[in-house]
Amino acid sequence: AQSVTQLGSHVSVSEGALVLLRCNYSSSVPPYLFWYVQYPNQGLQLLLKYTSAATLVKGINGFEAEFKKSETSFHLTKPSAHMSDAAEYFCAVSVGGNTPLVFGKGTRLSVIA
Amino acid sequence: ETGVTQSPTHLIKTRGQQVTLRCSSQSGHNTVSWYQQALGQGPQFIFQYYREEENGRGNFPPRFSGLQFPNYSSELNVNALELDDSALYLCASSSSTSGGAKNIQYFGAGTRLSVL
């Protein structure tokens, strides 16, 4: 079975500061990992995905994440926060193919001017 | 925009009633997955349909049922609604064949169901 733990239900950063959202996973087989973003009253938008190729994955809107097998982590980073980054971020794991996603509980990112 | 559309956007029902939610998948996608997102939680997998057959189910009771049609659109039906069924219901479509986008799930905006 797979599971995801997102450390910190709420993260607050200043505009221009580094964004770091933490995700640790558990999987009995090599995982596929995803980060999704959810803006208020909207569905989920895919930010980036890891599917066993390069361990450093670049996504949309300047976000990237690094897969670290030894730490079972897939933390999301962005060098400089923008006000438009304020949203809920979800990390998810699957075992590949068209298998269901298992989501973490989410981290709400606030950006302070 | 993902091309996945859900209707209606909002719905209010009373306990014991039945509800049907609809999802049109992105063009070329043959798989639809449904998720329930309770307030303040991450989405939880309900079930998945592939080529009109149920292809996996999460930990939800039988009163949650679904259909997939030949055009790959889908319905989620919930009978005997309970207060705890109040949530955002998300539909995601994916394709088992589309090259680089293979098996990536693209989500609709969801249907917010309130059960009173």
Side-chain angles (χ1 to χ4, degrees), chain A residues 1-10 21-26 30-54 57-60 74 76 87-109, chain B residues 1-7 9-10 23 25-26 29-51 53-60 68 72 88-112:
Chain A
Q2 298 79 44
S3 67
V4 169
T5 302
Q6 291 185 241
L7 296 175
S9 59
H10 183 209
L21 304 182
R22 299 178 187 274
C23 172
N24 289 89
Y25 70 90
S26 172
Y32 285 43
L33 294 159
F34 306 82
W35 276 99
Y36 284 87
V37 61
Q38 186 175 39
Y39 297 100
N41 300 315
Q42 294 189 25
L44 302 176
Q45 179 183 2
L46 180 66
L47 275 178
L48 49 80
K49 62 185 186 293
Y50 167 77
T51 57
S52 76
V57 181
K58 294 188 183 299
I60 62 171
F74 190 57
L76 182 71
E88 189 89 18
Y89 291 80
F90 292 95
C91 181
V93 64
S94 78
V95 295
N98 240 338
T99 56
L101 296 169
V102 175
F103 286 88
K105 291 187 175 182
T107 298
R108 181 162 60 92
L109 175 66
Chain B
E1 294 241 340
T2 62
V4 180
T5 58
Q6 293 186 242
S7 63
T9 53
H10 293 87
C23 172
S25 58
Q26 187 166 313
H29 286 185
N30 55 16
T31 304
V32 172
S33 303
W34 286 91
Y35 293 83
Q36 180 195 66
Q37 185 180 14
L39 198 61
Q41 301 294 317
Q44 288 204 315
F45 174 68
I46 303 174
F47 44 56
Q48 182 184 86
Y49 279 82
Y50 171 67
R51 294 186 175 179
E53 296 288 331
E54 187 176 291
N55 186 43
R57 187 178 185 93
N59 189 26
F60 281 81
Q68 187 179 33
Y72 301 129
L88 180 67
Y89 288 85
L90 294 164
C91 164
S93 77
S94 55
S95 170
S96 56
T97 59
S98 296
K102 180 178 173 179
N103 298 329
I104 303 299
Q105 295 191 26
Y106 295 92
F107 285 80
T111 293
R112 185 161 298 282

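Values below: all heavy atoms of this structure, side chains included; hydrogens, waters and symmetry mates excluded. Residue numbering restarts at 1 for every chain, and letters A, B, ... go by the order of the sequence lines.
- Only the backbone of A/Thr99 comes within less than 4.5 Å of a heavy atom of chain B; no side-chain atom from C-beta onward does.
- Residue B/Tyr35 forms a ring-ring contact (aromatic ring centres under 6.0 Å, His included) with just one option from A/Tyr36, A/Phe103, A/Phe90, and that option is A/Phe103.
- When each of A/Lys105, A/Glu88, A/Arg108 is scored by its heavy-atom pairs under 4.5 Å with chain B, the top score falls to A/Lys105.
- In this structure, the separation between CZ on B/Phe107 and OG on B/Ser94 is 9.5 Å, given to the nearest 0.5 Å.
- Although no hydrogens or angles enter the test, the distance criterion places no donor-acceptor pair under 3.5 Å between the side chain of A/Gln6 and the main chain of A/Asn24.
- Proximity of a side-chain donor or acceptor of B/Gln68 to a complementary backbone N or O of B/Arg51 within less than 3.5 Å is detected.
- Contact annotation for B/Gln48: only side-chain heavy atoms (C-beta onward) come within less than 4.5 Å of a heavy atom of chain A.
- The part of B/Gln37 that comes within reach of chain A is its side chain, from C-beta onward, which places non-hydrogen atoms under 4.5 angstrom from that chain.
- More than 12 heavy atoms of other residues, nucleotides or ligands lie within 6.0 Å of CD1 in A/Ile60, so this atom counts as buried by the packing criterion.
- Neither the backbone nor the side chain of A/Tyr32 comes within less than 4.5 Å of any heavy atom in chain B.
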